[in-house]
> 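Have a look at this one.
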Amino acid sequence: LKILYPESLNTFFICINSSDRGLLIQSGVPESKVFFLPNAISVNYEAASVTSTVHVDSALEKYAEKHGYVFKKGSPWWLMPIRLIRRKNALEAFFLEVLDEGMQILITLDANSQPEYPYANAVKDVIRREKASGMVGFGAELVGKAFSFDELILASRAIVTTSLMEGFG
């Protein structure tokens, strides 16, 4: 146990779900060293309305036209509130469109570092060339300006997170 879970004064464990916290405690890690970090996204469900969904939809449509993406106004979308980097399996997410015809994939943030630009540019090229429904990188321009993050979350059919390296999502 000490090899897997080191014990020292300054070592603590943070779990993203209560079941993992319970397993660590059952494994012998002192309860005072194990913390549960609940979902950091807090949504104001009272903000949901048809008007705000139409407002989000219209702003996304304008962004798509401006940046060469296909966006089907009025069709549902799956939101990926992530940065477009390789380990987030972004290109693979666009294959979901094949499984759920009419579904769109929206990735909020573009890459922002030199090592990630080649992958991000390749993904965006494929999305545009294949006319996949959805878009990348609208978050910096629209969220908090054209609409709130709450409105975006509430207008989405689902929230999708993926990760190749972290092992959860």
> Test your reading of the model: is there a side-chain donor-acceptor pair from Lys145 to the backbone of Gly139, 3.5 Å cut-off?
no
> Got a second to check how far Thr53's OG1 is from Glu151's CD, nearest 0.5 Å?
8.5 Å
> Provide the closest heavy-atom pair for Ala64 versus Phe71 in the form atom of the first, atom of the second, distance.
CB-CB, 3.5 Å
> Tell me the closest heavy-atom pair linking Ala140 and Leu109, and the distance in Å.
N-CD2, 4.0 Å
> Using 0.5 Å steps for rounding, measure from the CZ atom of Phe35 to the CG atom of Leu37.
11.0 Å
> Can you tell if the side chain of Leu142 reaches within under 4.5 Å of the side chain of Phe147, non-hydrogen atoms only?
yes
> Are any non-hydrogen side-chain atoms of Arg157 and Met103 less than 4.5 angstrom apart?
yes
> Can you tell me how the ring of Phe138 sits relative to the ring of Tyr63, calling it parallel under 30°, perpendicular over 60° and tilted otherwise?
perpendicular
> Taking side chain to side chain donor-acceptor pair (under 3.5 Å) as the criterion, tell me which of Arg128, Lys124, Gln104, Glu61 meets it with Tyr69.
Arg128
> I'd like to know if the side chain of Asp57 and the backbone of Lys73 have a donor-acceptor N/O pair within less than 3.5 Å.
no
> Can you name the nearest heavy-atom pair linking Cys15 to Asp20, along with the distance?
SG-C, 3.9 Å
> Verify the cluster assignment for Phe36 and Ile25: are they in a single hydrophobic cluster under the rule of side-chain heavy atoms below 4.5 Å apart?
no
> Under a single-linkage definition using a 4.5 Å side-chain heavy-atom cutoff for Ile, Leu, Val, Met, Phe, Trp and Tyr, are Val126 and Leu84 assigned to the same hydrophobic cluster?
yes
> So which atom in Glu116 and which in Ala111 form the shortest heavy-atom distance, rounded to 0.1 Å?
CB-CB, 3.9 Å
> Cluster question for you: counting only ILVMFWY and a side-chain heavy-atom cut-off of under 4.5 Å, with indirect links fine, are Met80 and Ile85 together?
no
> List the steps, then state whether side-chain contact (heavy atoms from CB on, under 4.5 Å) holds for Leu79 with Ile153.
CA-CA 7 Å; Leu79 177 67; Ile153 293 281; 3.9 Å; yes
> For Ser148 and Asp150, test the side chains for any donor-to-acceptor distance below 3.5 angstrom and give the result as yes or no.
no
> Does the side chain of Tyr119 come within less than 4.5 Å of Leu91's, by heavy atoms?
yes
> Do Ile159 and Val56 land in one hydrophobic cluster if side-chain heavy atoms of ILVMFWY residues count as linked below 4.5 Å?
yes
> Could you tell me the separation between the CZ atom of Arg83 and the CG atom of Asn112, rounded to the nearest 0.5 Å?
4.0 Å
> Taking the side chain as C-beta and beyond, is there a heavy-atom pair between Trp77 and Leu152 under 4.5 Å?
yes
> To check you understand the geometry: which heavy-atom pair defines the closest contact between Ala120 and Asp110, and what is its length?
CB-OD1, 3.8 Å
> For the residue pair Lys33 / Thr11, report whether a side-chain donor-acceptor contact shorter than 3.5 Å exists.
no
> Find the distance between OG (Ser133) and CZ (Phe94) and round it off to the nearest 0.5 Å.
9.0 Å
> Hey, is the main chain of Ile82 close enough, under 3.5 Å, to the side chain of Thr108 for a donor-acceptor pair?
yes
